[in-house]
Amino acid sequence: MRNRRNSSKAVVLATARVVAETASVAAVLYCLPISAAAQQNFFPQGMAVMPANGVIQPAFSNSSSTAGAGYDVFVGKNSKGPYQLSWNEIAANSAVLIEDGRTLQPGTDYQMNEQSGVFTLTAPLASGSMLKVSFQRTPLSTALQRSAGQVPLQWNMLQNSNLSLSLHSVLQSSANGSLPQANSSLLFHGQTGIAPGSQLSASISTDLHGGAWMRRMGLQLADATQFRNGGLSLQYNRAGSLYNLGNGITAGQENYSALAHFQPLKQMYLSLQANQTTLLQAASADGSRDSAGLTSRNINGTLRLGVAHGTLQAVRSVQQLQNPGGKATTQVQDDVQLTQNLPGNTTATASYHSGQTEGAAGSTVQNSQLSINSKPDPHLQITGSFQNSLGTAAYNTDHVALQILPQPKTPDLQINVQQSLQTGTAQQSDVQANLQAPLFHGKVQFNSGIEQHNQVGTGSTTGIFALSTQPLQQLHLSGYVHLRWQQGALAPASTSLPNSYAMNMTLQPASPIQITGGFVRNPETNGIPVQALQENVGLQANLGLFSLQTSLQLQNSGNTALNSNTGMLGLSLHLTRYDTFTTDYLAHNLLLNTPAGDQTFKFGYTHNMGNDFSLSLAAAVNTYDYNGRLNPAATQYNAQAQLSLHF
């Protein structure tokens, strides 16, 4: 045992020594000029220069203050650049680029900006290749790039199929020319099996920036075990509030989770899932450690049994929230569902739900439901449900629904009968019946139905009759009539639910021209009829490069003196197959002698970039007038640009 402890201690000391030596080596590597011939043997095995953000910085630099000459060495990262020299405003045409002994040609192999000291290669610099850039400095204008000092390094100190230990370091030179500073992180990952069918994995990641290590450290432990009739998985994650290394860990959280599932019999399945998450935050003013904040816990248990001709499932869910030093709020939900297959191609489902909240605002809700779905005949389907809800007084309700859907042999004939009843503080009953059938050998489509809505003391019944026909290939006609009756508090003479009539026509005398027209008496808005008369007429035409669209709508209110009209004129010009210019003019109340009106002018341009993208630019001007005079204060200007992706 003593030998094992000494061995572990030696490993820890060796690891610390390696980390310290690596940071020192990285600093020396950044500062000292090293010849290109010696660089291949300088890197320890497994060390590599990683890509930096933005431009790629030189790994090694050397310059002579007497001769005004200098050179930078870049290590390949499979990138074209851009690459940043250590000096800017170098002498014109003085740069010489040599890649693995081959001299690159300006303009062909690379593009150089001598003022900024940035160049880009035509082909990526392969990983492992070396590029040396020699240049001449101009004494009066050349300046050292003090900000160009980020050189990320990675050293894989241990790497095999089960274990890995690597050091990541970013060297940052300071603006005053002092020695670089190394911001490093240490990453460890290992996996093993503690039992047959088990796999345990662990990972630790922390940055070596110094101070508050627990707030900068991330830890993951996970074990997954599979056995004959089930499995068990456990996981623990913790990351301090200053953790920023990613690796699938969320900063500022500590999480425990467990999942177990067991199937002892073919007809029985059990599962239990538990999870706890605690938020971490700074515990003291000096920020040296974290403390526990809000904690949330979730536990879910499921039991599923296969019974004769059906399935029984029960689920319990517990959710809890707790602040440090405060009282927890707990919510418990229970769900039970039984599904049974009955004779006559019928399925019955009974379910029960209970929810209870404990805490400052406690509440209890219960819900029971029985539903049946039956298809006793291939041409008949029946569904029904009964639901009872208990809780606060506003939710003590019963709801009954029945739907009969005959499916006759004639596919165009559809019948739908549906009834629902809801009781409680506001009793309500709805009945719908609908019949669709083709007439005159399919040239006319007929739709007839009835809707009944009843509440306490009041109700309404609506009869629906609709026809649509296309007597000619160029002509399509449609219309409907809604006849309404009122009962109870709404007297038969009441005009709050008037009858509705509508007729619409579409005529296409020639392929590029289409004429539309129609009228609606008492149009409906969200199912509520409005006492008004609407008339509309429109024209659409496609004439070569031009597309014309115009419409006019008139509305006369039946119960008020308010009348309105809206006119629209639109013109589109197809410049090319990809470009379209559009202009629209809309006017409201322009044709009536009303004191107020408004006009809108719209302009738009659309460019289709292939089949996937389109760019649209649009502008609009809204003007308002009163008694024929413009109101400049109310004028509005709008502009927008939109890039669309089509898929």
Side-chain angles (χ1 to χ4, degrees), residues 185-191 194 198-207 209 211-225 230-262 270-303 314-336 353-366 391-392:
S185 60
L186 188 65
L187 308 178
F188 168 80
H189 178 77
Q191 61 182 17
I194 59 177
S198 172
Q199 184 175 9
L200 173 65
S201 61
S203 64
I204 303 175
S205 51
T206 181
D207 66 57
H209 187 72
W213 276 38
M214 290 300 295
R215 298 186 66 195
R216 300 178 183 276
M217 179 181 294
L219 173 64
Q220 278 185 313
L221 293 173
D223 177 73
T225 303
L232 174 65
S233 61
L234 304 172
Q235 189 171 7
Y236 171 77
N237 297 332
R238 188 191 189 281
S241 57
L242 298 181
Y243 180 81
N244 62 356
L245 300 180
N247 297 323
I249 311 177
T250 303
Q253 287 189 7
E254 183 177 38
N255 180 271
Y256 301 85
S257 62
L259 173 62
H261 60 93
F262 183 51
L270 300 97
S271 68
L272 178 64
Q273 183 176 6
N275 182 77
Q276 175 177 303
T277 301
T278 302
L279 302 181
L280 303 176
Q281 54 192 7
S284 56
D286 59 2
S288 59
R289 59 188 178 87
D290 286 327
S291 64
L294 177 67
T295 298
S296 61
R297 302 180 183 91
N298 297 275
I299 301 176
N300 295 279
T302 301
L303 169 63
V315 179
R316 162 161 279 210
S317 174
V318 180
Q319 300 178 350
Q320 188 179 77
L321 293 176
Q322 183 174 12
N323 280 308
K327 185 178 180 180
T329 300
T330 304
Q331 184 178 17
V332 181
Q333 297 187 39
D334 294 297
D335 291 274
V336 180
H353 169 80
S354 174
Q356 183 176 0
T357 301
E358 301 176 357
S363 62
T364 301
V365 176
Q366 294 182 3
T392 58

Gln322 versus Arg297, closest heavy-atom pair with distance:
OE1-NH1, 3.2 Å
Could you state the interatomic distance from CG (Leu303) to CZ (Arg316), rounded to the nearest 0.5 Å?
13.0 Å
Identify which one of Ser205, Ser201, Ser203 satisfies the side-chain hydrogen bond (donor to acceptor under 3.5 Å, both in side chains) criterion when paired with Gln220.
Ser203
First locate atom CE of Met214, then atom OG1 of Thr206, and finally report the distance between them rounded to the nearest 0.5 Å.
9.0 Å
Roughly how far, to the nearest 0.5 Å, is OG1 of Thr302 from CD of Gln273?
8.5 Å
Could you report the tightest heavy-atom contact between Ser198 and Thr225, atom names first, then the distance?
OG-OG1, 3.3 Å
One should read off an interatomic distance between Tyr243 OH and Ile249 CD1, to the nearest 0.5 angstrom, of 4.0 Å
Minimum heavy-atom distance between Pro324 and Ala292, given as atom pair plus value
CG-O, 3.3 Å
Pair Thr277-Ser296, side-chain donor/acceptor within less than 3.5 Å
no
Give a yes-or-no answer on whether the side chains of Gln333 and Ser317 include a donor-acceptor pair shorter than 3.5 Å.
no
For the backbone of Ser241 and the side chain of Asp290, can you confirm whether one donor and one acceptor N or O come within less than 3.5 Å of each other?
yes
Among Asn275, Asn237, Leu234, side chain to side chain contact (heavy atoms under 4.5 Å, CB included) partner for Ser257:
Asn275
Side chains of Glu254 and Tyr236: do they bring a donor and an acceptor to under 3.5 Å?
yes
Which pair of heavy atoms, one from Gln366 and one from Ser354, lies closest together, and at what distance?
CG-OG, 4.2 Å
Can you name the closest pair of heavy atoms from Ala260 and Leu232 and give their distance?
CB-CD1, 3.8 Å
